[in-house]
Amino acid sequence: MEVEGYYEIISTIEIAKELYDMGRQDLIQSCFSDEIFYDYYYENMLEVIGSVFTHSYNNYDDEYDCEVYIFMDEVISDYYNMAYEYGKKHKLPHDSNPYVTAAGNAVRHWLSYCYSLDWSLLGYTKKKSTARQSKLIVRFGICDCCGFDRLAYGLLQVYKWFANECAKFKNTIEIQNKEKEMMIAA
Amino acid sequence: MISVSLKHLAEAVRGADSFDLPDMNTGTKYIFDNIYNRLVLGETVKLSEINFGNFEYGDLAAMSELHENVFEPSETAVRNITTNLRRIPPALNPVVYI
């Protein structure tokens, strides 16, 4: 059965479904054209890519002929702040901090599917408002293998990972604080 | 020269097994009925009309497998048969002069 632009259409619905499962129906409405049409694929995917994280900046690098995206979000900043506290408490250097390693592994898992896609995770841990914020930088050239839907999906998974890990971190810290309080009370 | 008896062809088509939809779970069936089949029929499908709670993410991959392994090959086979039949020149009726 012929469906023109089948791949683009099914990819669009997949990303919309993922957003629905994440509870982000607001992004379905804001990032997608309501009518499902294969010609809207690139526009829809670029909107999603730019909307996954709270702050997103992009530029075109003429020298390397690639798009550069910089993503920043509270979930990334909070994660690195908590990882830093953990490292300080256990006297671990940055490279030996298991939480820093885990973040790199997670991003590698979701964003290393194409030879023309590169990424960097910059974790800053100072809490001053003027301090640099932790960020994810993604560079990708336009090629057949670097499907925008795969990039959008990968970024959604990275966001989910950081959000889940932050929630776990906060839970662990709360439990430790309660235990401390109980010990002090005893 | 290939000759085809239309009578025999029609009988063969009538007697052929009907195309049954492959088994699908409820989620994939929802996608088939509300999205895929409508797109095949040339209808406009809107995201706002889709109830994303009616299927799982994996059902979309199942639908794609059916599209690639069942529906598209079937359509290609039918298209090939139709094209071949169209290429067969009509038999010329003998002209009888009285």
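Sequence lines set the chain letters: A, B, ... in the order given, protein chains first and strands last, and positions in each chain run from 1.
- Across B/E56 and A/K17, no two heavy atoms sit closer than the pair C-CE, 3.8 Å.
- Open room surrounds CD on A/E74; 12 or fewer heavy atoms of other groups in view lie less than 6.0 Å from it.
- In terms of hydrophobic clustering, with Ile, Leu, Val, Met, Phe, Trp and Tyr side chains grouped at heavy-atom distances under 4.5 Å, A/V158 and A/Y113 are assigned to a common cluster.
- The aromatic rings of B/H67 and A/Y6 sit parallel, their planes meeting at an angle under 30°, below the 60° perpendicular limit.
- Between A/Y153 and B/Y57, the gap from one ring centroid to the other is short of 6.0 Å.
- Using a 4.5 Å cut-off between heavy atoms, A/Y7 makes no contact with chain B at all.
- In this structure, the separation between CD1 on B/I31 and CD1 on A/I10 is 6.5 Å, given to the nearest 0.5 Å.
- For the residue pair B/T44 and A/E35, the shortest heavy atom distance occurs at CG2-CG, 3.4 Å.
- For the atom pair A/I15 CD1 and B/L60 CG, the distance stands at 10.5 Å (nearest 0.5 Å).
- There is a path of hydrophobic side-chain contacts, each under 4.5 Å, that joins A/Y42 to A/V52.
- Hydrophobic clustering, with ILVMFWY side chains joined whenever heavy atoms are under 4.5 angstrom apart, groups A/L122 together with A/V68.
- Of all non-hydrogen atoms in B/L47 and A/A16, the two that sit nearest each other are CD2-CB, 4.2 Å.
- In this structure, A/I13 and B/F52 approach most closely via the heavy-atom pair O-CE2, 4.0 Å.
- More than 12 heavy atoms of other residues, nucleotides or ligands sit less than 6.0 Å from atom CG of A/D26.
- With rounding to the nearest 0.5 angstrom, the CD1 atom of B/I50 is 3.5 Å from the CD1 atom of A/I36.
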